[in-house]
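One structure below.
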Amino acid sequence: MLLLDALKDLSRYVGFTALPYLDRVVDDVMLEIFLLIDIEDVLSMRRVSRRYYHLTHNPFLWKRHLRIYKGILPPLPPTPRHSLQKMLGIEAERHLARAISYNDNWNSDRPVAYNTDAIPLYGLEAVSMTVLPGGHYLVLSARAPKRNHFEIMIFGLDCHFSSSYSLPLGRMRIPTKAYNLQAKYMRLNGVYGIVVSFIRREFKTRQPGIDPSDYTDKYDSIDSPYPLRYECATYFIRLDHLEPLVDPRSNPGSQGWMDRMRSLPSPFESISTIRTHSRLDNVCLDEIQGEPFLTVLKHPETIIFRNLNKAGGRAVLTCARFAALPDNPHNILAIRVIPVQRQVLVVKRVDFDPQHQKPYIVVESFNIPPLGQEITCDHVEAVYLDDEDIWAVSICELETRYSYDDSIQTSLPSWMQRDPAPISVYCRTQNPQGLIYMHIPPTKLEAPPSPVNTGRRTSSKPEKPPQTHYYRVTDLRDVADFTFNSNTFETAFFLPGAGRALGWEVPRTDRTDAPALVNMWSFIPQEIEGDPYLGIRRDQNEVGNTRRSPPTRQGWFAPLEMEHWAWENLKGGVQAITWDENIGRVCISPKGRSEVYVVDFSKSPRETLEGQRFPIPVHKTVLDSLPDCER
């Protein structure tokens, strides 16, 4: 709706005989006008005058726009701190700005980084990283070069203070390098927190002069001179420990805040340890029927499930081999839990004599065994992909809808009305090198099943809506195949997403632990018939309180643009990389540098070191003009 139309409607409502001058309209009425116009017009009015600059920063305005927004919004930590009543005005504006700008930017022909920050690691170098959904926290594994010192660290990424003043919100020393790092918001024993899980390895017996942490974790084959022992360690960090530290009202970055930070004990609480002499891989963290679960692959064919609540128990599933090929090697390439139907998706390779036949690739689904059982069972469904020389598989993480979510997320129209995302599968091939993109679309259930009774209730908040969709492996669709030109293209890697992915390219001959970065691109599937999730992603900004129609590019791949200084440093090597699909936040660790680059492909309001809006401070009277329920 245009601003002039809004004014005419308002003038008729209040009985004006002529259109009033804007400068004569009182602030309360102007706020009502700003609620009638599109978000783009609100931001345009911010540039008109100092008065409108302050009015358009009013928390009431952005909370109301957030409440009526119908597009897809990034996830939030599921705590009351992120409810509408306790959310700050800048947080509501940031939430909307990221949703709109990221969708526009990532869908364009040349996505551009809006902001790049460098987080110092104080003499350590990151070797593995993961970002929590929504991009609020970064968890990383770090090591000190040239000495046997390893740590797990967690950072808050939305603090207003300068990156040069940032301190880790928590850190913990570990014996050897941690890799395959995963982190997720979960509720353990009634407490909100972040579950962090990783894998590390060591020799079965101590070997002087040899450090198993020097072996790469980026490739499956390790030529170790001595047998290795593997450990999957899982820790819990309470959100009521972290949230006061990142709350803008606690004045992050001040000397008092930094002194308090240094005096706090480590927030990491050990909750699970799995040890084995077989190689561990593919850590997954999921909420299954209201319970927090850890899933880890024990090569070659075994999957371990552990309930992370106290006395939760565990289950072990061994995927049965094909009866016609019992002696052929069966190796699981990737797994992904499907929480809504208590199943696990498995991509398996069955090898033959390479001189006579290529391997079979099989996509299967298995039921998760009851806790306390160790069983070998056949698949529920399976799809066979023959003549595909696939050597690596990445499966996107399914969207999490928590059983108990006290944030604003569950009350928004976009959360309640949209269908779940498809399961996207990214397969890298060799000879020739290329990419196969497949997905499993959700199938709507005729009659949703009754909610599972867990026998207990830890909150008075209603349960999430019952399951309405189901994923069938037999619905797997081979959407597109790409063959990369061997004369111009190097080796490609992908960080998967349900609606989009991040790809990057390294030299084909560089198999070091920190290969040089050649290029990075966004990946977006083109129009796919019958894909409701893609349709919502494309059309999300054409509804509600914004008129912007996101660009539609023609190609599946588009190169990313970043700051020149960041590109130059990354050409020397990339030690670790991760991203959040929801806001386009990419975190990259350059080789040989004690820092992490946080690259944002979505816009968000900025603050100064003192916590004031940038570039012009906002009057405190504006921020204090509303009761707590509207801030």
Side-chain angles (χ1 to χ4, degrees), residues 27-28 30-46 52-103 114 132-137 156-160 243 246-250 252 405-416 540-541 543-546 548 580 582-585 600 602-607 611-614 617-631:
D27 289 351
D28 290 345
M30 283 304 304
L31 284 176
E32 294 296 330
I33 293 174
F34 291 157
L35 289 171
L36 297 174
I37 64 178
D38 298 320
I39 293 175
E40 290 85 354
D41 286 331
V42 174
L43 296 176
S44 297
M45 291 296 292
R46 181 173 289 180
Y52 296 153
Y53 179 85
H54 292 299
L55 280 177
T56 55
H57 282 92
N58 196 297
F60 169 77
L61 174 66
W62 291 104
K63 288 189 176 187
R64 286 285 298 273
H65 271 294
L66 179 62
R67 185 185 297 173
I68 64 176
Y69 185 71
K70 296 180 181 179
I72 295 177
L73 289 165
L76 291 166
T79 62
R81 167 65 182 83
H82 296 276
S83 63
L84 190 66
Q85 290 74 20
K86 296 186 178 181
M87 179 181 288
L88 299 177
I90 189 174
E91 294 170 331
E93 182 182 347
R94 180 188 294 132
H95 208 48
L96 280 169
R98 283 175 171 168
I100 298 172
S101 61
Y102 172 47
N103 195 61
Y114 292 121
L132 273 294
H136 296 271
Y137 298 97
L157 298 184
D158 282 336
C159 298
H160 64 249
E243 289 184 338
V246 298
D247 192 321
R249 291 164 290 197
S250 66
D405 189 340
D406 291 323
S407 73
I408 188 180
Q409 202 77 12
T410 56
S411 63
L412 298 177
S414 59
W415 191 90
M416 300 295 294
Q540 64 166 318
N541 291 334
V543 297
N545 44 346
T546 174
R548 181 178 300 168
D580 177 48
N582 304 283
I583 66 169
R585 173 164 277 172
D600 286 325
S602 62
K603 292 182 179 179
S604 62
R606 304 282 291 176
E607 291 181 291
Q612 285 286 357
R613 290 295 185 92
F614 181 83
V618 178
H619 292 322
K620 190 175 185 299
T621 54
V622 174
L623 302 179
D624 294 339
S625 61
L626 295 168
D628 288 342
C629 63
E630 294 292 353
R631 284 182 187 163

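- Under the side-chain hydrogen bond (donor to acceptor under 3.5 Å, both in side chains) criterion, Arg94 pairs with no residue, sequence neighbours left out.
- We find the CG-CG distance between Leu132 and Leu157 to be 9.0 Å, quoted to the nearest 0.5 Å.
- Under the 4.5 Å side-chain criterion, counting only non-hydrogen atoms from C-beta, Val246 is in contact with Tyr137.
- Judged by distance alone, with hydrogens and angles left aside, the side-chain atoms of Ser602 form no donor-acceptor pair with the main-chain N or O of Gly584 at under 3.5 Å.
- The distance from the CE atom of Met30 to the OG1 atom of Thr56 is 9.5 Å, given to the nearest 0.5 Å.
- Here the NE2-CZ distance, from His65 to Phe60, works out to 10.0 Å after rounding to the nearest 0.5 Å.
- Here Glu91 does not pair with Lys86 in a salt bridge; the nearest charged N to carboxylate O distance is not below 4.0 Å.
- Of all the heavy atoms in Leu55 and Leu31, the pair that sits closest is O-CD2, 3.7 Å.
- Listed here is the closest heavy atom pair of Ala99 and Pro74: CB-CD, 3.9 Å.
- Glu93 is linked by a salt bridge (Lys or Arg N to Asp or Glu O under 4.0 Å) to Arg46, Arg613, counting only residues two or more places apart in sequence or in another chain.
- With values rounded to the nearest 0.5 angstrom, Asn103 atom CG is found 13.5 Å from Ile583 atom CD1.
- In this structure, the side chains of Ile37 and Val42 come closer than 4.5 Å at one or more pairs of heavy atoms.
- Leu66 is listed as a side-chain neighbour of Leu73, based on a closest heavy-atom distance under 4.5 Å.
- Considering only residues two or more places apart in sequence or on other chains, His95 meets the ring-ring contact (aromatic ring centres under 6.0 Å, His included) condition with none of them.
- Glu40 is not listed as a side-chain neighbour of Leu43, based on a closest heavy-atom distance of 4.5 Å or more.
- Residues Ile39 and Trp62 are in side-chain contact: their nearest non-hydrogen atoms beyond the backbone lie under 4.5 Å apart.
- Under the 3.5 Å distance criterion, the side-chain polar atoms of Asp580 are matched with a main-chain donor or acceptor of Gly134.
- In terms of the ring-ring contact (aromatic ring centres under 6.0 Å, His included) criterion, Tyr52 has no residue partners (sequence neighbours excluded).
- Evaluation of the side chain to side chain contact (heavy atoms under 4.5 Å, CB included) rule for Pro78 yields Tyr185, Tyr192, Tyr402, Asp405 as partners, not counting sequence neighbours.
- Contact detail for Ser83 and Pro80: the closest heavy-atom pair is OG-O, 2.7 Å.
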Set out, in order, the CA-CA distance, both residues' side-chain angles and the distance that settles side-chain contact (heavy atoms from CB on, under 4.5 Å) for Glu243 and His82, then state yes or no.
CA-CA 10 Å; Glu243 289 184 338; His82 296 276; 3.6 Å; yes
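- Atoms CG and CG, from Leu88 and Asp247 in turn, are 6.0 Å apart once rounded to the nearest 0.5 Å.
- We find the CG-CG distance between Asp28 and Asn58 to be 9.0 Å, quoted to the nearest 0.5 Å.
- The ring of Tyr53 has its center closer than 6.0 angstrom to the ring center of His57.
- In terms of the salt bridge (Lys or Arg N to Asp or Glu O under 4.0 Å) criterion, residue partners of Arg98 (sequence neighbours excluded) are, by chain and number, Asp158.
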Test side-chain contact (heavy atoms from CB on, under 4.5 Å) applied to Ile100 and Lys603, step by step
CA-CA 9 Å; Ile100 298 172; Lys603 292 182 179 179; over 6 Å; no
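- Ser604 meets the side-chain hydrogen bond (donor to acceptor under 3.5 Å, both in side chains) test with no other residue; sequence neighbours excluded.
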